[in-house]
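Keep in mind that this is a model prediction, so the values were computed, not measured. Note: hydrogens, waters and symmetry copies are ignored here, and every other heavy atom, side chains too, is used. Read the numbers this way: they start at 1 and go in the same order the structure lists the ligands and their atoms.
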Amino acid sequence: MIEFRDVGKRFADGTVGLESLTLTARAGEITVLVGPSGCGKTTSLRTVNRMVEITSGSVHLDGRDVAAADPAELRRGIGYVIQQAGLFPHRRVIDNVATVPVLQGLSRREARARAAEVLERVGLEAFAQRWPAQLSGGQQQRVGVARALAGDAPVLLMDEPFSAVDPVVRVELQDELLRLQADLGKTILFVTHDIDEAIRLGDRVAVMRVGGRLAQFAPPDELLAAPVDDFVAGFVGRDRGYRRLGFVPATALRLVDLPTRADANGSSGVPEEWTVLLDGAERPAAWLGPDGARHDLGSLYVTDDHDAASDGAGTLRGALDAALSSPAGRGVAVDGQGRYRGGVEADDVLALLDRGRETERSVARPGDTRR
Ligand SMILES: Nc1ncnc2c1ncn2[C@@H]1O[C@H](COP(=O)(O)OP(=O)(O)OP(=O)(O)O)[C@@H](O)[C@H]1O
């Protein structure tokens, strides 16, 4: 757990980097700091490993004031990933990754074994013997993340680690981080200026404003549903209502029965209604339209894929997207193994949303002006 208690930082030239920042990054969670350029994100991050010394307040790591720790020892317990990966150009990938365990006291041999393990985990074992210059930007970033993970540090500071790569690779890196984090459960403090990245990765998101002040600290769902003021509302963006659907589980959504047919018999007659063709394992293969032609299924709504919440599966967003992207006007629902479960209708999703709004209104406390 990382606690900022009333932390202030005034630089030598008088610039205020942080003004009484108070927030707690919980153990085992990803806490994201997001905000416009110059709002103090990097400064906050660096107070944790004392690359920046604060001028008021205190920072605590698992209850210990970092000011009382030896900086070198403190940093050995904290992984640090920066934008340009920060790899040593004259060391092969495997030795780059082995650096941290060596610093932590493992023999070179043990450290290399550990590095090989981590490279395998992030799918980079084939690159172990390459030099950093022989990797793409995205691969270098992955090595940077692997290097941070190779240490046993339970705490990871990540400063815009994915901002130098193209949007497609960036989403891949985000997925990879979420997958690794599901296994590792580290305490991660992550800095970005990209609100979409913040919402995708953060268990909790701190929106900061220039002057090093905290505007709002909340789980992504709450940030989208109830921004505290115009600054936060503007920052989280215009389509926040739609994006929030990605955080609402579709547990109460009713599935409808759709006409189905074995794919093997697909060509035996033109159906009256849109019909789902199923393969031998009960998995949807295509729509058969009333025109007698096969059509693409559109995106599928996965009913019980709990790991995929960030992709909207199992959420109202996943359900609505399936309904809207289907040529049949109704979406196809499958289980985690891809087997046919039923159909989803956009109207049902919208009705659920209406019901949700009514419940929220009835539980909103008098005087609570945020909703
Ligand atoms: N060493 C320094 N001396 C003086 N001012 C500094 C120093 N380091 C940072 N600052 C100032 O402190 C403020 C916060 O900087 P910081 O780098 O934390 O912002 P940031 O939110 O990470 O910005 P960005 O998204 O642009 O990286 C800025 O106004 C910056 O100019």
> Are Arg341 and Tyr301 in a cation-pi contact, defined as NZ or CZ under 6.0 Å from the six-membered ring centre and within 45° of the axis?
no
> What are the atoms of ligand 1, with element, lying closer than 4.0 Å to any heavy atom of Lys41?
18 (O), 19 (O), 20 (P), 21 (O), 22 (O), 23 (O), 24 (P), 25 (O)
> For the 3.5 Å polar cut-off, considering only N or O atoms, please tell me whether Ser44 and ligand 1 meet it.
no
> Does Gly40 reach ligand 1 with a nitrogen or oxygen that is under 3.5 Å from one of the ligand's nitrogen or oxygen atoms?
yes
> Could you tell me whether Asp13 approaches ligand 1 through its side chain, its backbone, both or neither, with non-hydrogen atoms closer than 4.0 Å?
side chain
> Kindly indicate whether atom 31 (O) of ligand 1 is approached by any protein heavy atom to under 4.0 angstrom.
no
> Which of these passes salt bridge (Lys or Arg N to Asp or Glu O under 4.0 Å) with Arg170: Asp175, Asp196, Asp194?
Asp194
> One residue to check: Thr15. Relative to ligand 1, which of side chain, backbone, both or neither has a non-hydrogen atom less than 4.0 Å away?
side chain
> Are there more than 12 heavy atoms of other residues, nucleotides or ligands under 6.0 Å from atom CZ of Arg108?
no
> Less than 4.5 Å apart, any side-chain heavy atom of Asp62 and any of Thr187?
no
> Please list the nearest protein heavy atom to atom 26 (O) of ligand 1 with its residue and the distance rounded to 0.1 Å.
Ser37 OG, 2.5 Å
> Would you please say whether a donor-acceptor pair under 3.5 Å links the side chains of Asp65 and Ser58?
no
> Which heavy-atom pair separates Gln181 from Gly28 by the least distance, and what is that distance?
NE2-O, 3.2 Å
> Tell me whether Cys39 reaches ligand 1 (any heavy atom closer than 4.0 angstrom to a ligand atom).
yes
> Give me the nearest non-hydrogen protein atom to atom 17 (O) of ligand 1 as residue plus atom name, then the distance to 0.1 Å.
Thr42 CB, 3.7 Å
> How far is atom 12 (O) of ligand 1 from its nearest protein heavy atom, and which residue and atom is that?
Phe11 CE1, 3.4 Å
> Does the pair Glu117/Arg114 count as a salt bridge with the N-to-O cut at 4.0 Å?
yes
> Restricting to non-hydrogen atoms, name the atom on Leu352 and the atom on Leu316 that form the minimum distance, rounded to 0.1 Å.
CD1-CD2, 3.8 Å
> Could you find the nearest protein heavy atom to atom 28 (C) of ligand 1 and give me its residue, atom name and distance?
Gly38 O, 3.6 Å
> With atoms numbered from 1 as shown, which atoms in ligand 1 lie under 4.0 angstrom from a non-hydrogen atom of Thr43?
14 (C), 15 (O), 16 (P), 18 (O)
